[in-house]
Novice: 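Supplied in structure tokens, the structure appears directly below.
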Amino acid sequence: MTLTTEAGSAGTELKIVRGACPHDCPDTCAMLYHVKDGKLVDVKGDPDHPMTKGGLCVKLKNFPEHHYQSDRLLYPMRRVGAKGAGEFERITWDEALAEIKQRWTSIIEQYGSQAIMPHAYLGHQGVLNGLTSGDAFFNRLGASVAEKTYCESGSSTAWHMTVGGTGGLDIESMAHSKYIIVWGMNMTSTNLHGWPFLLQARKENGAKIVVIDPVRTRTARQADWHIPIRPGTDGALAMGLIHEIIAQGLTDTDYVERYTVGFDELAERAAKYPPERVEEITGIPAEDIRTLAREYATTQPAAIRQGVALERSRGGGQAIRAITCLPALVGAWRHVGGGTMEMPIWEFPTRFDKICMPEWIPEGTRVVNELDLGMALTGELDLDPPIMSLFVYNSNPVSQAPAQAKIMAGLRREDLFTVVSEHFITDTARFADLVLPATMQAEQLDIMVTWGHLYISLNQPAIEPPGECVPNVELFRRLAKTMGFDDDYWDRTDEQMLLDFHDWDAPALQGITFEQLKETGWARLNVGSPDTRAPHAEGNFPTPSGKCEFKSSLAENGNFVVPVWRSMYDGMQPGDPVDPLPDYVPPFESPDSSPELAKKYPLSIVSPKPHAFLNSQYGNAEDKKSVQGEQRVFLHPADAAERDVAAGDVVRVFNDRGGFEGPAVLDDGLIPGVVMANVGHWQNKASGSTVNSITADRHCTLGNAGVYSDNLVEVRKVASAG
Ligand SMILES: Nc1nc2c(c(=O)[nH]1)N[C@H]1C(S)=C(S)[C@@H](COP(=O)(O)OP(=O)(O)OC[C@H]3O[C@@H](n4cnc5c(=O)[nH]c(N)nc54)[C@H](O)[C@@H]3O)O[C@H]1N2
Ligand SMILES: Nc1nc2c(c(=O)[nH]1)N[C@H]1C(S)=C(S)[C@@H](COP(=O)(O)OP(=O)(O)OC[C@H]3O[C@@H](n4cnc5c(=O)[nH]c(N)nc54)[C@H](O)[C@@H]3O)O[C@H]1N2
Ligand code: SF4
Ligand SMILES: [Mo]
């Protein structure tokens, strides 16, 4: 476990232990923990890792202090004040577990086990402690199955429908690209370690970097061409590009004939989107659309880096379908550095069936989507039985899920028994009846999957957990014992579970062993070198037809959710068949698609990721707050002037669902009519609400993703600057 030791200054030994970043971030950096006298004194990026290259990001600066932060939860606690007040007293683990057993037993007797609902997302990204770490326990308990579609589910459904479960383009191969479209992604904040490969392509191949984003972000400012687009209209732009590529005779007909299905139907559909019509929808000049189509098709290898933001509106999944068709249309997949990247997680041979134990789900168990939490708790969903207990881990729904006011109203229900496993008393944990303390990354063992590159990494514990913190995997072992489950599942060590949870015989893991990972910390999957890898040069798409499906054969299954987000639950009710062809599906809310609503709420809002926080994590750390600043509201100067708002004035952003406040920043890098406010800030006592107070609890038409970029609001001045 210990990499090297050397004499420390006072004669004590400096121990260096290999780890990996725990966060929901495509970079999954390899880390070196520096430990002295049992204390974590520094954490550095591994200089040898081809992505990390020795550097971490602003969020992980002072990572040791995160572990020692004074407000960290160290012991189980029971609520003593009103729900939401955040007042707790220390109790023992035995008391906490006994209370859970007593409350759950009586809920199960009265309502049945489906009245209990887990709520989890990617607070931790490990195989043992991440997204699915509680699934086996809750499946065994017979709880409602939670559908976890906070992120990537719309993208992944669209991706599987079009190109199948392929890893797609490797970010490192983009060093070979000559034309790169960064579509709905703010890479220099959210995929920092991917960005240098684009810069390398620019330097060495003269690659042009194009950014498509409603906001002139820090990434857009560094691009060669920023194309501002109205939120939620990317589907129209992609259909317009398909139209132009075909109209200008720029398709790679040989590739299309050999390796795709549905070209004629796609061409017919795209004929509805001439550039002039697309200009009206997207706000992008028709001439720019023609230029983009020509440059993209004729400058090979051409790459597209798709951001998750693309899925955050009603038609987001369909937009991603259309975008994912582009590389096959122009034959970009033929080349190293050509194609498109959604997330390469599908290359990892993780045994989600062994982790989640879907066979333990009692037949007929219902599925409740986590983004419907407010509706589920307040009765709007009309669930029978109602949700009587919520168990939250790895997530902070009050901050990150839509319809914040509804969720808070639900969490205030006196008859709801809420348990939250956490590092801190977050905006969600404030409502808990019981809070349970969780370990942080330097204190636990795990294998990290990643959705941004092709390296597997092992995180090894470097220090002892403080107080009575436990890893999620141990939490669910304790709960299983408490509930009387005696399956072998709960008797294994962490290491044995990691061995069981991977297919070590899979081609991707050939030549890689667990023992070796203990030494090296990480290894590149056995998928070829980024300098030669061109996975679809000759088709080989893992779709039912083996081809890139412009016309999807999976569409007749309806709106499916890729199993990782749904506890591998196959018995889902098949939805209505969905459109087999990509198309532009207008937003639920926009001046164009809902003109009546726009009279009251004329502005579209986007709420992207904070630079210095990881979703809401670090939103309570003073050093990160000083980088990120307080919650601000970015307005175009013309929109501000219309509302008599000057820079620094405190404004309220609102719609019928709720509202939040912050000082205005005037920014001519926004499209007029678009407001921007970063997600992730914690509630302050004055406002009692944050960005997701205005977000609708509706879903994207594919993958049940959320619609964070599909909301109309109005802005009003509440106080003058100074
Ligand atoms: N610093 C930092 N890094 C992070 C995270 C974090 O919280 N902080 N979170 C991680 C997670 S969980 C994720 S999913 C990724 C997400 O990372 P990204 O994919 O970059 O997603 P966002 O930051 O939500 O949005 C990216 C950009 O999309 C734009 N955008 C919003 N709506 C639309 C639209 O409809 N069309 C287009 N074309 N653009 C739109 C926004 O203005 C924003 O600049 O980042 C990860 N990395
Ligand atoms: N408006 C708006 N809303 C969004 C988005 C957006 O762009 N705009 N993005 C969406 C996206 S892409 C995502 S991924 C989601 C993210 O939503 P969440 O996953 O809920 O985001 P986090 O704020 O990271 O919350 C994770 C919580 O888990 C806790 N945690 C971390 N590690 C552990 C652990 O090991 N054990 C336990 N028990 N707890 C742990 C952290 O302290 C933190 O409070 O938000 C979504 N919401
Ligand atoms: S948050 Fe992302 S960029 Fe920062 S250290 Fe972790 S993996 Fe690397
Ligand atoms: Mo995400």
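The analysis underlying the following values was restricted to heavy atoms, covering all of them including side chains, and did not include hydrogens, waters or symmetry mates. Counting starts at 1 for both ligands and their atoms, following the listed order.
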Novice: Between the side chains of Thr428 and Asn396, does any donor sit under 3.5 Å from an acceptor?
Specialist: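 A pair is found: one side chain offers a donor N or O, the other an acceptor, under 3.5 Å apart.
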Novice: Verify, without hydrogens or angle tests, whether Asp427 (side chain) and Gln683 (backbone) share a donor-acceptor contact under 3.5 angstrom.
Specialist: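 At least one qualifying donor-acceptor pair exists.
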Novice: Backbone or side chain, does any N or O of Pro610 fall under 3.5 Å from an N or O of ligand 1?
Specialist: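 The answer is yes, given that Pro610 and ligand 1 share an N or O pair closer than 3.5 Å.
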Novice: Before you tell me yes or no, could you show the steps for Arg524 and Glu172 under salt bridge (Lys or Arg N to Asp or Glu O under 4.0 Å), namely the whole-Å CA-CA distance, both residues' side-chain angles and the distance that decides it to 0.1 Å?
Specialist: CA-CA 12 Å; Arg524 183 172 169 87; Glu172 288 180 75; 3.3 Å; yes
Novice: Should one rank Leu614, Asp213, Asp710, Thr233 by closest heavy-atom distance to atom 42 (O) of ligand 1, which comes out on top?
Specialist: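 The option holding the nearest heavy atom is Asp213.
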Novice: Under the criterion salt bridge (Lys or Arg N to Asp or Glu O under 4.0 Å), I'd like the reasoning laid out for Arg18 against Asp46: C-alpha separation, chi angles, the key distance, then a yes or no.
Specialist: CA-CA 8 Å; Arg18 288 191 181 277; Asp46 184 345; 2.9 Å; yes
Novice: With heavy atoms under 4.0 Å as the rule, classify the contact between His193 and ligand 3 as side chain, backbone, both or neither.
Specialist: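 Side chain only.
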Novice: Any N/O of Pro26 closer than 3.5 Å to an N/O of ligand 1?
Specialist: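 In this structure, Pro26 places no N or O atom under 3.5 Å from an N or O of ligand 1.
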Novice: Which residues satisfy the ring pair (Phe, Tyr, Trp, His ring centres under 6.0 Å) test with His423, sequence neighbours excluded?
Specialist: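 His423 satisfies ring pair (Phe, Tyr, Trp, His ring centres under 6.0 Å) with no residue once adjacent residues are dropped.
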Novice: Report yes or no: does a heavy atom of Trp451 sit under 4.0 Å from some atom of ligand 1?
Specialist: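 Yes, Trp451 has a heavy atom closer than 4.0 Å to ligand 1.
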Novice: So Tyr33 and Phe63, would you call those rings parallel, tilted or perpendicular, with 30° and 60° as cut-offs?
Specialist: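 Tyr33 vs Phe63 ring planes: parallel.
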Novice: Can you figure out which of Asn186, Leu237, Thr190, Val182 has its heavy atom closest to atom 47 (N) of ligand 1?
Specialist: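 Selected option, by shortest heavy-atom distance: Thr190.
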Novice: Quick one: look at Val606 and ligand 1, take heavy-atom pairs under 4.0 Å, and tell me if it's side chain, backbone, both or neither.
Specialist: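 Just the side chain.
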Novice: Using 30° and 60° as the class boundaries, would you call the ring planes of Tyr618 and His66 parallel, tilted or perpendicular?
Specialist: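 Taking His66 first and then Tyr618, their aromatic rings sit tilted (interplane angle of 30° to 60°).
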Novice: For ligand 1, note which part of Met676 has a heavy atom under 4.0 Å away: side chain, backbone, both or neither.
Specialist: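 Neither part.
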Novice: Are Tyr68 and Leu40 close enough that some pair of their side-chain heavy atoms sits under 4.5 Å apart?
Specialist: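 Yes, close enough: below the 4.5 Å cut-off.
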Novice: Nearest protein heavy-atom contact for atom 32 (N) of ligand 1: which residue, which atom, what distance?
Specialist: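 Scanning the protein heavy atoms, the shortest distance from atom 32 (N) of ligand 1 goes to Ser709 OG, 2.8 Å.
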Novice: Under 4.0 Å from any heavy atom of Thr217, which atoms of ligand 1 are there?
Specialist: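 In order of numbering, the contacting atoms are 44 (O).
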Novice: Do Tyr121 and Leu131 have side chains that approach each other closer than 4.5 Å (heavy atoms only, starting at C-beta)?
Specialist: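 In contact.
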Novice: Near Gly184, which atoms of ligand 1 are under 4.0 Å from a heavy atom of that residue?
Specialist: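 Near Gly184, meaning under 4.0 Å from one of its heavy atoms, ligand 1 has 19 (O), 26 (C), 27 (C), 28 (O), 37 (C), 38 (N), 39 (N).
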Novice: Taking the side chain as every heavy atom from C-beta outward, state whether Ser155 and Met343 have any atom pair closer than 4.5 Å.
Specialist: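 Not touching, per the 4.5 Å side-chain cut-off.
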Novice: What are the two closest heavy atoms between Ala322 and Ala238, and how far apart are they?
Specialist: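 Result for this residue pair: CB-CB, 3.5 Å.
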Novice: What protein heavy atom lies closest to atom 28 (O) of ligand 1? Include the residue and the distance to one decimal.
Specialist: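 Ranking protein heavy atoms by distance from atom 28 (O) of ligand 1, first comes Ala309 CB, 3.2 Å.
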Novice: Would you please test Arg230 and Glu589 for salt bridge (Lys or Arg N to Asp or Glu O under 4.0 Å) and show each step?
Specialist: CA-CA 12 Å; Arg230 292 187 187 125; Glu589 299 187 5; over 6 Å; no
Novice: Which heavy atom of Val215 sits nearest a heavy atom of Leu670, and at what distance?
Specialist: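 That closest heavy-atom pairing would be CG2-CD2, 3.7 Å.
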Novice: At a 4.0 Å threshold, what atoms of ligand 1 neighbour a non-hydrogen atom of Cys151?
Specialist: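 Ligand 1 atoms under the 4.0 Å threshold to Cys151: 14 (S).
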Novice: For Gly307, take its heavy atoms, then give the atoms of ligand 1 lying under 4.0 Å from any of them.
Specialist: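 Going through ligand 1 atom by atom, the ones under 4.0 Å from Gly307 are 19 (O).
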Novice: Below 4.0 angstrom from a heavy atom of Phe613, which ligand 1 atoms are there? Numbered from 1 as shown, please.
Specialist: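 This gives 1 (N), 2 (C), 6 (C), 7 (O), 8 (N) as the contact atoms.
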Novice: Heavy-atom contact under 4.0 Å between Gly680 and ligand 1?
Specialist: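 In this structure, Gly680 fails to qualify as a contact of ligand 1 - no heavy atom is under 4.0 Å.
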Novice: Hey, which atoms in ligand 1 end up nearer than 4.0 Å to a heavy atom of Ile229?
Specialist: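 Under 4.0 Å from Ile229, ligand 1 has these atoms: 38 (N).
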Novice: So, do Arg321 and Leu702 sit near enough that their side-chain heavy atoms are less than 4.5 Å apart?
Specialist: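 A side-chain contact exists here, since the closest heavy-atom pair is under 4.5 Å.
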Novice: For atom 19 (O) of ligand 1, what's the nearest protein heavy-atom neighbour? Residue, atom name and distance, please.
Specialist: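 The closest one turns out to be Val308 N, 3.0 Å.
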Novice: His681 and Thr690: side-chain donor and acceptor closer than 3.5 Å?
Specialist: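 Absent: no donor and acceptor within the cut-off.
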Novice: Hey, which protein N/O/S atoms does atom 6 (Fe) of ligand 3 have under 2.8 Å?
Specialist: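 As for protein N, O or S atoms lying under 2.8 Å from atom 6 (Fe) of ligand 3, they are Cys21 SG.
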Novice: Strictly distance-based, threshold 3.5 Å: is any side-chain N or O of Thr340 a donor or acceptor partner for the main-chain N or O of Thr324?
Specialist: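 Checking the backbone N and O of Thr324 against the side chain of Thr340, no donor-acceptor pair under 3.5 Å is found.
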Novice: Looking only at side chains, do Glu342 and Ser156 share a donor and an acceptor under 3.5 Å apart?
Specialist: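 There is such a pair between these side chains.
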Novice: Are any of the heavy atoms in Ser313 under 4.0 Å away from ligand 1?
Specialist: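 For ligand 1, residue contact (heavy atoms, under 4.0 Å) with Ser313 is absent.
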Novice: Please test Asp42 against Lys44 for salt bridge (Lys or Arg N to Asp or Glu O under 4.0 Å), starting from the C-alpha separation and ending with a verdict.
Specialist: CA-CA 7 Å; Asp42 202 0; Lys44 298 246 191 270; 2.8 Å; yes
Novice: Under a 4.0 Å threshold between the charged nitrogen and the carboxylate oxygen, would Arg216 count as salt-bridged to Asp668?
Specialist: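 Result for this pair is yes, salt bridge flagged.
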Novice: I want to know if ligand 1 touches Ile212 in the polar sense, i.e. an N/O pair below 3.5 angstrom.
Specialist: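 Yes: some nitrogen or oxygen of Ile212 is under 3.5 Å from one in ligand 1.
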Novice: Out of Gln400, Gln306, Arg305, Arg312, who gets a non-hydrogen atom closest to atom 21 (O) of ligand 1?
Specialist: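 Minimum heavy-atom distance to atom 21 (O) of ligand 1 goes to Arg312.
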Novice: Between Asp234, Val679, Asn615, Leu310, which one has a non-hydrogen atom sitting closest to atom 38 (N) of ligand 1?
Specialist: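 Ranked by closest heavy atom to atom 38 (N) of ligand 1, first place is Asp234.
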Novice: Using a heavy-atom cut-off of under 4.0 Å, does the side chain or the backbone of Lys59 touch ligand 1, or both, or neither?
Specialist: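 The side chain, only.
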Novice: Which of the numbered atoms in ligand 1 are under 4.0 angstrom from any heavy atom belonging to Asp24?
Specialist: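 The list of qualifying atoms is 10 (C), 11 (C), 12 (S), 46 (C).
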Novice: Compute whether any side-chain donor of one residue and acceptor of the other, for Asp623 and Ser626, lie under 3.5 angstrom apart.
Specialist: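 Judged by distance alone, the side chains do not pair up.
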Novice: Going by the atom numbers of ligand 1, which of them fall below 4.0 Å from some non-hydrogen atom of Pro214?
Specialist: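 What qualifies from ligand 1 is 29 (C), 30 (N), 37 (C), 39 (N), 40 (C).
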Novice: Looking only at protein heavy atoms, identify the closest one to atom 35 (O) of ligand 1 and say how far it is in Å.
Specialist: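 Looking only at protein heavy atoms, the one closest to atom 35 (O) of ligand 1 is Gly232 N, 2.8 Å.
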Novice: Note the single closest protein heavy atom to atom 16 (C) of ligand 1, along with its residue, its atom name and the distance in Å.
Specialist: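 Heavy-atom neighbour on the protein nearest atom 16 (C) of ligand 1: Lys609 CE, 3.8 Å.
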Novice: Does any N/O atom on Arg230 come nearer than 3.5 Å to any N/O atom on ligand 1?
Specialist: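 N/O-N/O distance below 3.5 Å does not exist for this pair.
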